[in-house]
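First up is the structure itself, then whatever we jot down about it.
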Amino acid sequence: MTAKKAKIKTIGIMSGGGDCPGINAVIRAVTKTAIHKHRLKVVGILDGFLGLIENRLQELGWGDVSNILTLGGTILGTSNKADPAAYPIRKKGKTKLTDVRARCLHHARRAGLDIIVVIGGDGTMACAQGLAQKGLNFIGVPKTIDNDLPGTDVTFGFDTAVSTATEAIDKVHTTASSHHRVMIVEVMGRYAGWLALHAGVASGSDVILIPEIPYSLDAICNCVRQRSRYGKRFSIITVAEGARPKGGKMTVMKKIKDSPDPIRLGGIANKLQYGIETKTHLDCRAVVLGHVQRGGIPTAFDRALASGLGYYAVESLMAGQKNKLVVHNQGEIGSIDLARIAGKSRRVPADHPLIEAARALGTSFGDKIIFPA
Ligand code: F6P
């Protein structure tokens, strides 16, 4: 970090995109560091970029952020629909995507915001980058249960989501075993398989399906059938919502027109249930964990990570940095240019050590027959 001090008096803070456990821990760390260490004024922007567009801002004091370290969600609210560069405005019965970035700039300047700490994932960082091009300054803090932001080896919220999903799969395990069933548990993660991979390995799932390794139904059926023949009369399949068959597409649940990323994935577990049941005649059930994975109390790891990232975000902006993303790499916190990562995502490499370890333990990734007939 450069030692040059910036003349910062007032900072904004906002959370954008899908929520996750640990956002409040960041808000607390940023606000307390700013007030306590640097005597700054902190202004909360409500509901992500929507609050900046609609000028809904409110000053945050010490008391507002006290006792929120363990609280899930975000006290500021969030939105994953408001991109200031393409904001839907309805006129004469028609919706037109309009560039309202000048309006955001006006509201930020009127509130005296020298810089904004933006807590978000790839979509939120892309929106921030769009506003940075118009003259607003940001420091990003990487948030998402998907763990798919490039430039950082972990995002806060991921560890909690992995724990939540693992606990749920553990519970499914006992009922699968009692009823001699194939249980297919669908987890979130969007286009990346980090959540499925980690929760799948942690829960000892027999099959793990991730977007990065397209599956074949035959390979999955071979695995559960052979387990059954060897006396293991149940199987657990953890499937990422973005998993897809070889040569096939991801399963889209719906499209949300006014969202910067309109695709919402979902439904793969039900498809697999039908496919496996039809081919193997084994009793199958699908369980979709959904937004449960985004809630709850952050784990100790996420609380510590979020606190460190929040503190570092304030130190960075006080050192004169702008339009950077605070990142965590190999135990160290640093920062990289926002422009380098905005709108990009990080996938699981096919040779990831955890994939290799899981394969060695006999886990199927649905891509090859692992039990020869
Ligand atoms: O990016 C976080 C995430 O929870 C993804 O894992 C999931 O695909 C998506 O958000 C769900 O979005 P929404 O809250 O709009 O349903």
Side-chain angles (χ1 to χ4, degrees), residues 8-32 34-35 40-61 63-65 68 71-90 95 97-144 157 256-261 294 306 310 313-314 317 322-323 325 338 342:
I8 304 274
K9 289 201 174 88
T10 305
I11 63 167
I13 180 162
M14 58 178 281
S15 45
D19 69 341
C20 78
I23 299 179
N24 285 326
V26 177
I27 296 170
R28 170 180 174 272
V30 167
T31 307
K32 287 196 168 183
I35 294 175
L40 303 178
K41 181 176 166 186
V42 183
V43 175
I45 299 163
L46 305 182
D47 299 336
F49 286 109
L50 198 59
L52 202 53
I53 295 168
E54 296 174 349
N55 200 25
R56 289 188 286 115
L57 297 94
Q58 96 190 12
E59 188 172 345
L60 291 179
D64 297 310
V65 299
I68 63 168
L71 194 65
T74 160
I75 58 162
L76 294 175
T78 187
S79 158
N80 56 5
K81 284 185 171 188
D83 177 359
Y87 180 64
I89 294 185
R90 231 176 137 67
T95 304
L97 293 179
T98 314
D99 185 346
V100 294
R101 284 179 291 178
R103 200 195 290 181
C104 292
L105 236 73
H106 174 68
H107 292 153
R109 293 214 167 119
R110 204 161 67 179
L113 305 185
D114 297 306
I115 193 160
I116 298 171
V117 176
V118 56
I119 307 164
D122 54 348
T124 304
M125 295 309 155
C127 294
Q129 178 60 17
L131 279 164
Q133 283 160 359
K134 294 280 174 188
L136 260 188
N137 294 326
F138 291 93
I139 291 286
V141 180
K143 161 242 71 162
T144 170
I256 300 175
K257 273 200 213 137
D258 51 351
S259 168
D261 182 4
R294 292 235 301 256
V314 178
L317 66 89
K322 55 187 177 188
N323 303 325
L325 178 75
L338 208 53

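Side chains are part of it too, since the values below use all heavy atoms of this structure and drop only hydrogens, waters and symmetry mates.
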Exercise for review: Rounded to the nearest 0.5 Å, what's the gap from CD1 on I119 to CE on M125? Could you check?
Suggested key: 8.5 Å
Exercise for review: Looking only at non-hydrogen atoms, find the nearest pair between V117 and A313 and report the distance.
Suggested key: CG1-CB, 4.3 Å
Practice item. Please test I11 against V30 for side chain to side chain contact (heavy atoms under 4.5 Å, CB included), starting from the C-alpha separation and ending with a verdict. Key: CA-CA 10 Å; I11 63 167; V30 167; 3.9 Å; yes
Check your understanding: Do other residues, nucleotides or ligands put more than 12 heavy atoms under 6.0 Å from the NZ atom of K81?
Key -> no
Review point. Listed by chain and number, what are the side-chain contact (heavy atoms from CB on, under 4.5 Å) partners of L50, not counting sequence neighbours?
Key: D47, E54, R56, S79, A82, Y87
Study note, to complete from the structure: Looking only at heavy atoms, the pair that brings I68 and I75 closest together is CD1-CD1, 4.0 Å
Review point. Distance from C127 atom SG to L52 atom CG, nearest 0.5 Å?
Key: 11.0 Å
Review point. Are N55 and R110 side-chain neighbours, meaning at least one heavy-atom pair lies under 4.5 Å?
Key: yes
Check your understanding: Are the side chain of T78 and the backbone N or O of S15 linked by a donor-acceptor pair below 3.5 Å?
Key -> yes
Donor-acceptor list for residues 133-143 side chains, cut-off 3.5 Å, not counting sequence neighbours:
| unit_1 | atom_1 | unit_2 | atom_2 | d |
| --- | --- | --- | --- | --- |
| K143 | NZ | G16 | O | 3.0 |
| K143 | NZ | G18 | O | 2.5 |

**Study point:** Worked check of side chain to side chain contact (heavy atoms under 4.5 Å, CB included) between V42 and I35
**Key:** CA-CA 7 Å; V42 183; I35 294 175; 4.1 Å; yes
**Study point:** Closest heavy-atom pair and its distance - F49, A128
**Key:** CZ-N, 3.8 Å
Check your understanding: Are L46 and L57 close enough that some pair of their side-chain heavy atoms sits under 4.5 Å apart?
Key -> no
Point to revise | Rounded distance (nearest 0.5 Å) linking atom CD1 of I256 with atom CG of N80 | key: 6.5 Å
Practice item. Assess whether side chain to side chain contact (heavy atoms under 4.5 Å, CB included) is satisfied between I89 and V100, documenting all intermediate values. Key: CA-CA 10 Å; I89 294 185; V100 294; 4.0 Å; yes
Review point. Do side-chain atoms of N323 reach the backbone of L338 as a donor and acceptor pair under 3.5 angstrom?
Key: no
Practice item. First locate atom CD1 of I8, then atom NZ of K322, and finally report the distance between them rounded to the nearest 0.5 Å. Key: 9.0 Å
Review point. Are L60 and I27 close enough that some pair of their side-chain heavy atoms sits under 4.5 Å apart?
Key: yes
Exercise for review: Answer yes or no: is there a donor N or O on one side and an acceptor on the other, between the side chain of D19 and the main chain of T74, under 3.5 Å?
Suggested key: no
Study note, to complete from the structure: Residues C104 and L131: closest non-hydrogen pair is CB-CD2, 3.8 Å
Exercise for review: For the pair K41 and K9, evaluate side chain to side chain contact (heavy atoms under 4.5 Å, CB included) and give the outcome as yes or no after the intermediate values.
Suggested key: CA-CA 6 Å; K41 181 176 166 186; K9 289 201 174 88; over 6 Å; no
**Study point:** Minimum side-chain heavy-atom gap V43-T10 below 4.5 Å
**Key:** yes
Exercise for review: Have a look at I45 and tell me which of I53, L113, I13, L76 forms a side chain to side chain contact (heavy atoms under 4.5 Å, CB included) with it.
Suggested key: L113
Practice item. Any chance you could measure L317, atom CG, to D114, atom CG, to the nearest 0.5 Å? Key: 9.0 Å
Review point. Is it true that a side-chain atom of R101 and a backbone atom of A85 form a donor plus acceptor pair closer than 3.5 Å?
Key: no
Review point. When rounded to the nearest 0.5 angstrom, what distance separates CG in D64 from CZ in R28?
Key: 13.5 Å
